[in-house]
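FYI, side chains are in, hydrogens and waters are out, and symmetry mates aren't considered; it's all heavy atoms of this structure.
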Amino acid sequence: MSSKPQDAVADVSVLPLTRPQLAEARRMRAAELFEQRRPSSEVARAVGMHPESVRRWKRLWEQGGVQALRRRPATGRPPKLDDTQVEAVRTALEQGARAHGFEADLWTLERVGVVVERVTGVRLARASVWRLLTGRLGWSLQRPRRQAVERDESEIARWVAQEWPRIKKGR
């Protein structure tokens, strides 16, 4: 992050919404539109969902009100990491991979798993690490651009301008 004064507002961190939170926000917006007696097709366009999903939400809303559209707690086995541990992992990951002793500042599932175990004492399988990153932290897959370290843009520009036309003429 930059330390310039005009960037002070950007330094305030607002956590991104997770997928379940975004889905619930869409349903809550749809409920507001249902209350205004808007047609399902209009609600579907407004919330960016398929009309059939909106019709299903409307049936639920008519039977149970807004509460029927709220997110329910996940069923099944409880997560291995509680919310406090997840935030500790987020903080650790935001420090970068180098801060945790890795050569390159690149996160892999294995590296994240190591950091999770160091921070929380909980060992997660690769699939669970993926779910933690994408589901609970709201992160997405980012692949670094593959580019040679030795790449010289000025030499490439010179070659394209001078050598390539000469070679092309020879055809």
Any side-chain to backbone donor/acceptor pair from [X] onto [Y]? Under 3.5 Å, distance only.
{"X": "Ser128", "Y": "Leu124", "result": "no"}
{"X": "Thr120", "Y": "Val116", "result": "yes"}
{"X": "Arg26", "Y": "Val47", "result": "yes"}
{"X": "His100", "Y": "Ala92", "result": "yes"}

Heavy-atom pair of closest approach, residues [X] and [Y]:
{"X": "Ala97", "Y": "Ala104", "answer": "CB-O, 3.4 Å"}
{"X": "Ala30", "Y": "Trp57", "answer": "CB-CE3, 3.8 Å"}
{"X": "Lys58", "Y": "Arg38", "answer": "NZ-O, 4.3 Å"}
{"X": "Ala44", "Y": "Pro51", "answer": "CB-CA, 3.8 Å"}

Pairs meeting criterion salt bridge (charged side-chain N to carboxylate O under 4.0 Å, His left out) with involvement of residues 99-110, two or more places apart: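 Counting only pairs at least two positions apart or across chains, the salt bridge (charged side-chain N to carboxylate O under 4.0 Å, His left out) contacts touching residues 99-110 are Glu110-Arg126.
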
Side-chain heavy atoms of Glu87 within contact of Thr84, under 4.5 Å: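 Side chain of Glu87 against side chain of Thr84, heavy atoms only: no contact under 4.5 Å found.
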
Beyond-backbone contact of Leu93 with Leu137, side-chain heavy atoms, under 4.5 angstrom: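 Leu93 vs Leu137: side chains touch.
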
Joint cluster assignment, Met28 & Val43, ILVMFWY side-chain distance < 4.5 Å: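 The answer is yes; both residues are in one hydrophobic cluster.
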
With [X] via side-chain contact (heavy atoms from CB on, under 4.5 Å) - residues at least two apart:
{"X": "Arg77", "answer": "Lys80"}
{"X": "Arg158", "answer": "Glu155, Gln162, Glu163"}
{"X": "Val114", "answer": "Phe102, Arg118"}

Can you measure from [atom1] ([X]) to [atom2] ([Y]) and round to the nearest 0.5 angstrom?
{"X": "His50", "Y": "Arg56", "atom1": "NE2", "atom2": "CZ", "result": "10.5 Å"}
{"X": "Arg136", "Y": "Arg19", "atom1": "CZ", "atom2": "CZ", "result": "15.0 Å"}
{"X": "Arg143", "Y": "Leu106", "atom1": "CZ", "atom2": "CG", "result": "11.0 Å"}

Donor-acceptor pairs under 3.5 angstrom involving side-chain atoms of residues 59-76: please list them, not counting sequence neighbours.
unit_1: Arg72; atom_1: NH2; unit_2: Ala68; atom_2: O; d: 3.4

Residues in salt bridge (charged side-chain N to carboxylate O under 4.0 Å, His left out) contact with Arg98, at least two apart in sequence or another chain: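 Arg98 satisfies salt bridge (charged side-chain N to carboxylate O under 4.0 Å, His left out) with no other residue.
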
Distance-only polar pair, side chains of Glu42 and Ser40, donor-acceptor under 3.5 Å: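 The criterion, which ignores hydrogens and geometry beyond distance, is not satisfied for Ser40 and Glu42.
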
Presence of salt bridge, Arg151 and Glu153, under 4.0 angstrom: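 The answer is yes: the pair qualifies as a salt bridge.
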
Option passing side-chain contact (heavy atoms from CB on, under 4.5 Å) with Val129 (candidates Val89, Val115, Leu109):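 Result for side-chain contact (heavy atoms from CB on, under 4.5 Å) with Val129: Leu109.
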
Residue pair Trp130, Val112: steps toward the side-chain contact (heavy atoms from CB on, under 4.5 Å) verdict: CA-CA 9 Å; Trp130 176 254; Val112 172; over 6 Å; no

Salt bridge (charged side-chain N to carboxylate O under 4.0 Å, His left out) evaluation trace for Glu24 with Arg27: CA-CA 5 Å; Glu24 183 180 36; Arg27 291 190 303 272; 5.1 Å; no

Within 6.0 Å of CG in Asp83, more than 12 heavy atoms from elsewhere: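 Not buried by this count: 12 neighbours or fewer within 6.0 Å.
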
